[in-house]
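For this chain, numbers begin at 1 and follow the sequence in order. Every heavy atom of this structure was used, including side-chain atoms; hydrogens, water molecules and symmetry mates were not. Every number for a ligand or one of its atoms is a count from 1 in the order of the listing.
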Amino acid sequence: MPSPSAAQSLSFPLGEHLPASGQATEVAPGVFWLRMGLPFALDHINLWLLRDQQADPAAPGGVREGWTVVDCGIDNPATRQAWQQVEYQVMQGLPVLRVLVTHMHPDHMGLAHWLCERWQAPLWMGLTEYQAARLACQQHSGLGSAPALRFFAQHGWNRDEDLATVQRHMNHYAEMVPAVPATLVRLREGMPVHIGGRVWQCISGLGHSPEHMALWCEHDHLFISGDMLLPSISSNISVYHQEPESDPLAWFLQSLEGMQALLTEDCLVLPSHGRPFRGVGTRVAQLQDHHAQRLAELLQACTERPCSAHDALPVLFRRALNPQQMTFAMGEAIAHLHALWHAGKVHRRLDPADGVYRFSKP
Ligand SMILES: [Zn+2]
């Protein structure tokens, strides 16, 4: 049963409007919404172009007019072309002064290296995310690596043909993020970032990526939420092989609470996917309910018989999944089982017969 706040609906002040690729929509003075394509089921990402002004290092007392870019799109010809169109049609002949990236996922990070190089602009990003991106863009560290395949097998996904498909996508990250800038300016939790006339506060969030950074402008009630708060889909929350014991769902839910405590209910949320919306408390309540319901269903399944993450997939996902979707689905299933396990609601046992982790009600 959803709580009353979860039953309320969000408001979308721009209605059904979506900016075309290479075009921009001004959502607040000096804050422009760009929307670029993605070659996945999730077919677009929102990027933000913020009018900016910085001290000119070459002319003491002088200023440089330009833009701060928030997130970049993946590196492919279509996205590069869309950026060139933005440059021509939106940027009024002014340069990019800074490239700020919320987190290391390819749709956010992909073209950072290209934009930084093209404009000789610095990358601003959290250090944990930056290091993770540098590692992931090297070969053999990705989702299809041997440690990742062992991890999936240990959670019950051990069909050779599926794992062979996953292995073929080992360099998936590097295909979309071929390089990472060599230097960065580090974003830290609570740090103020001055962009144009506004001050944005960094709000770090865990659970979706190593240490996601969202931006809150208290003066104008604007929140660039990245992937931490989305209006119509729930953020992917996964356990990965690098941190096989982690509890990212608990971290994510704690981060949402922390965020909500800082934000105002009337603030305009600028998410990375979907449309800008109002109704932070409503959306947080909906997400809390969504995960609580899934945890209750999983707990019920673990009561009936010991469940591996692979056994849990039909409980969480009521549709057919291709091997690539399976990697995300497995990560999510493990995250939900780990939330129950770390909360002491289920036991975890490594079955000596087949080397698979199964979770059961004590
Ligand atoms: Zn993401």
Side-chain angles (χ1 to χ4, degrees), residues 33-48 69-76 79 99-113 115 123-137 141-143 148 169 172-177 180 187 189 202-215 223-243 246 248-249 251-256 259 269-277 283-284 287 290-291 324-325 327-332 334-336:
W33 172 21
L34 311 174
R35 195 171 184 272
M36 294 197 185
L38 293 176
F40 315 122
L42 181 59
D43 63 359
H44 73 278
I45 178 168
N46 300 325
L47 314 173
W48 310 99
V69 165
V70 179
D71 288 335
C72 306
I74 64 168
D75 191 347
N76 67 7
T79 317
V99 175
L100 192 151
V101 176
T102 56
H103 66 297
M104 51 88 68
H105 290 161
D107 43 341
H108 302 257
M109 182 74 194
L111 276 175
H113 73 100
L115 287 166
L123 171 71
W124 288 49
M125 191 177 183
L127 181 65
T128 320
E129 295 285 343
Y130 173 77
Q131 302 283 25
R134 290 205 75 151
L135 278 177
C137 83
S141 58
L143 269 179
H169 289 282
H172 203 45
Y173 188 89
E175 283 161 16
M176 295 179 283
V177 189
V180 170
L187 296 176
E189 161 72 13
C202 293
I203 304 182
S204 79
L206 305 182
H208 172 69
S209 66
E211 193 183 355
H212 184 290
M213 217 54 90
L215 296 169
F223 182 50
I224 296 178
S225 66
D227 276 353
M228 284 298 290
L229 193 63
L230 303 172
S232 49
I233 53 173
S234 59
S235 309
N236 180 281
I237 308 297
S238 283
V239 176
Y240 294 99
H241 68 276
Q242 297 96 330
E243 272 185 283
S246 67
L249 181 54
W251 302 342
F252 178 73
L253 294 171
Q254 282 163 17
S255 295
L256 279 188
M259 242 170 225
V269 183
L270 307 178
S272 291
H273 309 284
R275 291 173 291 152
F277 69 96
R283 188 59 188 143
V284 168
L287 290 167
H290 165 84
H291 289 294
Q324 209 193 337
Q325 292 167 328
T327 59
F328 293 110
M330 282 294 294
E332 289 250 7
I334 302 165
H336 282 80

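- Protein atoms of type N/O/S that fall under 2.8 Å from the Zn ion (ligand 1) number 4 in this view.
- By the 4.5 Å heavy-atom criterion applied to side chains, M104 and L135 are not counted as neighbours.
- Using modelled atom types, no side-chain atom of S246 and backbone atom of V239 make a donor-acceptor pair closer than 3.5 Å.
- Distance alone, capped at 3.5 Å, is enough to place a donor-acceptor pair between the D71 side chain and the T102 backbone.
- Using modelled atom types, no side-chain atom of H105 and backbone atom of S209 make a donor-acceptor pair closer than 3.5 Å.
- Judged by distance alone, with hydrogens and angles left aside, the side-chain atoms of H44 form a donor-acceptor pair with the main-chain N or O of G274 at under 3.5 Å.
- Under the 3.5 Å distance criterion, the side-chain polar atoms of E332 are matched with a main-chain donor or acceptor of I237.
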